[in-house]
**Q** 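Quick one: structure below, then a few questions.
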Protein chains: 2
Amino acid sequence: MTVNEAEFLASYDPRAYPPVAVTVDVVAFTIRQDALTVLLVRRAGPPSEGMWALPGGFVREWEDLSTAAARELAEETGVATANRRLHLEQLGTYGAPDRDPRMRVVSVAYLAFAPDLPDPVSGSDARVAAWTPVGEVDRLAFDHGTILADGLDRARSKLEYTPLATTFVGEEFTIAELRAVYETVWDEQLHAGNFHRKVLSVPGFVESTGAVTERGGSRGGPRAKLYRAGDARLLHPALLMPSKEETVR
Amino acid sequence: MTVNEAEFLASYDPRAYPPVAVTVDVVAFTIRQDALTVLLVRRAGPPSEGMWALPGGFVREWEDLSTAAARELAEETGVATANRRLHLEQLGTYGAPDRDPRMRVVSVAYLAFAPDLPDPVSGSDARVAAWTPVGEVDRLAFDHGTILADGLDRARSKLEYTPLATTFVGEEFTIAELRAVYETVWDEQLHAGNFHRKVLSVPGFVESTGAVTERGGSRGGPRAKLYRAGDARLLHPALLMPSKEETVR
DNA sequence: TTAATAGTGTCTATCAGACATTATTAC
DNA sequence: GTAATAATGTCTGATAGACACTATTAA
């Protein structure tokens with residue numbers, strides 16, 4: 001750093017710029033009872049007191065954005081930040097000038113995928129949090145409805161070309177369990193036989209553990225082979241959504 | 001709004017939160033002389049005075065994020081915000097606590113695609129701006145090297161499944177010109193015949209104008225048919241990068 | 001025994017890519 | 001004429017999806 005720069009920094013006044021707050025909001029998806037569910041919190045104070053909203057909060061002074069998102073998620077669910085089965089990615093940033101009545105708030109939204117998590121723990125601030133099936137979500141506070149819709153779009157397309165479906169199931173899983181994830185998120189029935197062959201044909205998507213399930217299906221059928229997530233980060237070829245046939249215009 | 005909320009807003013103190021500044025930075029790509037080029041500005045003041053950086057600046061008080069990005073781009077290039085051939089999309093947000101030595105700065109990065117634009121106009125603040133081939137970009141200020149790399153990745157994959165390549169060419173274009181865009185951005189040689197057939201087979205990608213070029217190619221060949229962008233927003237099936245064959249692990 | 005499920009086999013239409021061919025133009 | 005290019009044709013291997021079939025298990 002030059003002497004000039006040091007002088008500049010010393011005289012620099014952050015207050016000269018309009019006050020802005022930066023928050024993170026998290027769209028956390030998990031699958032419970034064959035339904036895609038999202039973590040929501042009921043706002044304990046104004047604005048929009050009593051409305052459901054995405055979990056989130058202000059970014060702390062020395063905190064990275066993704067760290068803040070992981071912290072907010074952990075505060076609501078108790079899921080360890082270091083949980084390797086948790087996927088966290090940046091979704092987008094929402095900064096319309098009037099999106100929060102208090103002041104200019106720019107929110108960086110994150111998308112989280114996790115296997116079935118325990119019920120949320122009520123934080124010390126007595127906030128109520130709950131996993132809610134996305135089909136039952138009504139109106140949300142602020143622009144969180146838009147953020148949730150964007151997160152859902154992202155999740156649906158991410159299943160196509162990444163192995164992220166495996167983050168919704170346990171360490172070891174059957175092909176049928178993996179298919180259930182796709183069917184739940186895409187809201188589409190998939191052909192069991194073709195799905196099976198397709199998944200095994202994609203290099204690095206899943207790898208066999210050599211074991212099979214303890215029992216067959218609840219309504220009969222042979223015991224299924226168990227797999228774990230492979231080392232692929234992208235799926236080639238991709239698994240495309242059936243309904244995507246019609247070109248979006 | 002309830003009475004309680006009104007009271008709350010009146011007593012709300014934005015200064016209670018750590019000071020953060022929000023900026024936008026723009027990764028603006030265009031194609032000049034068969035090279036993918038990005039718009040850079042030389043920093044006129046500290047920090048990193050004299051270094052090249054992405055164009056950008058602070059978001060104004062009542063300004064939307066995308067509006068701010070369009071404004072910053074217009075200030076450097078003179079390209080009208082209303083230019084319909086300009087594509088602008090949010091790329092991502094960069095907020096590492098130490099990414100700017102002045103203070104906590106969270107930057108929302110935007111990605112812009114445009115047909116060959118005029119040379120940048122020097123702003124009243126005497127900033128120097130220039131279109132620079134991405135292959136010749138050296139070190140950039142702040143974390144702008146990372147942002148540029150992310151923007152390049154995004155641009156390359158966007159060409160696969162969206163018709164955005166058409167934003168790099170003029171209103172009317174030949175298939176060969178479109179192919180040149182793909183070859184430039186992907187840095188791959190494509191098979192002319194197969195590319196031609198593929199582009200015409202994707203519904204809504206391009207539509208014929210009925211006209212042909214005034215002259216044949218500079219080194220001979222028939223006059224090519226002219227096309228304009230179609231109404232598709234997504235390409236089905238997609239044009240996949242040849243080198244993507246190897247699964248990324 | 002019955003029904004459901006896991007996993008595999010087969011067939012067909014489609015598509016990407018390699019390669020060839022024809023027509024048209026600049027020089 | 002010669003070389004380059006636009007546009008189209010042909011062939012092959014790979015793949016998605018429809019459908020069929022066998023083996024295995026719960027009830």
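Every chain is numbered from 1, with letters handed out A, B, ... down the list of sequences.
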**Q** Dump the pairs, protein N or O against N or O of nucleotides 19-27 of chain C, anything under 3.5 Å, distances to one decimal.
**A**
| unit_1 | atom_1 | unit_2 | atom_2 | d |
| --- | --- | --- | --- | --- |
| C:dT24 | O2 | B:Pro222 | N | 3.2 |
| C:dT25 | OP1 | B:Arg223 | NE | 3.3 |
| C:dT25 | O4' | B:Gly221 | O | 3.0 |
| C:dT25 | O2 | B:Gly221 | N | 2.7 |
| C:dA26 | OP1 | B:Arg215 | NH1 | 3.4 |
| C:dA26 | O4' | B:Gly220 | N | 3.3 |
| C:dA26 | O3' | B:Arg215 | NH2 | 3.3 |
| C:dA26 | O3' | B:Ser218 | O | 3.3 |
| C:dC27 | OP2 | B:Arg215 | NH2 | 3.4 |

**Q** Please report the distance, rounded to the nearest Å, between CZ in A:Phe195 and P in C:dG9.
**A**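 Result: 19 Å.
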**Q** Could you state the NE2-C1' distance from A:His236 to C:dA16, rounded to the nearest angstrom?
**A**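 To the nearest whole Å, that distance equals 15 Å.
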**Q** Any salt bridge (Lys or Arg N to Asp or Glu O under 4.0 Å) pairs touching residues 211-220 of chain B, not counting sequence neighbours?
**A** none
**Q** Kindly write out the residues that satisfy side chain to side chain donor-acceptor pair (under 3.5 Å) with A:Thr166, not counting sequence neighbours, or none if the list is empty.
**A** none
**Q** Looking at A:Glu188 and A:Met241, would you say the former's side chain and the latter's main chain have a donor-acceptor pair under 3.5 Å?
**A**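 Checked: no pair found.
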**Q** Classify the ring geometry of A:Phe168 against A:Phe113: parallel below 30°, tilted from 30° to 60°, perpendicular beyond 60°.
**A**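 Rings of A:Phe168 and A:Phe113: tilted, as their planes differ by 30° to 60°.
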**Q** Quick one: on DNA chain C, does A:Thr174 or B:Lys198 contact a more 5' nucleotide (nearest heavy atom)?
**A**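 Its nearest nucleotide lies further toward 5', so the answer is A:Thr174.
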**Q** Less than 4.0 angstrom between a side-chain N/O of A:His196 and OP1 or OP2 of C:dG7, yes or no?
**A**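 For C:dG7, OP1/OP2 do have a side-chain N/O of A:His196 under 4.0 Å.
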**Q** Can you list the residues that meet the salt bridge (charged side-chain N to carboxylate O under 4.0 Å, His left out) rule with A:Lys158, with sequence neighbours excluded?
**A** A:Glu89
**Q** Expressed in angstrom and rounded to an integer, what is the separation of A:Leu240 atom CG from C:dC15 atom C1'?
**A** 13 Å
**Q** Please list, chain by chain and in numerical order, all residues satisfying salt bridge (charged side-chain N to carboxylate O under 4.0 Å, His left out) with A:Asp143, sequence neighbours excluded.
**A** A:Arg99
**Q** Can you sort out the partners of A:Arg228 under salt bridge (charged side-chain N to carboxylate O under 4.0 Å, His left out), two or more places apart, ordered by chain and number?
**A** A:Glu207
**Q** Provide, to the nearest angstrom, the distance between the CG atom belonging to B:Leu226 and the C1' atom belonging to D:dA7.
**A**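 About 14 Å, once rounded to whole Å.
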**Q** Would you mind classifying the nucleic acid contact of A:Ala176 as base, sugar-phosphate or nothing, using non-hydrogen atoms under 4.0 angstrom?
**A**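 Answer is sugar-phosphate: A:Ala176 comes under 4.0 Å of backbone atoms only.
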**Q** Using whole Å, report how far CZ of A:Phe173 lies from C1' of C:dA6.
**A**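 From A:Phe173 CZ to C:dA6 C1': 16 Å.
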**Q** Among the nucleotides C:dG7, D:dA6, C:dA16, which one has an atom lying closest to any side-chain atom of A:Ile175?
**A**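 So the side chain of A:Ile175 is nearest to C:dG7.
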**Q** Within this structure, what is the CG-to-P distance between A:Leu200 and C:dA6, rounded to whole angstrom?
**A** 13 Å
**Q** How many whole angstroms separate atom CE of A:Met241 from atom C1' of D:dA16?
**A**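 The answer, rounded to whole Å, is 16 Å.
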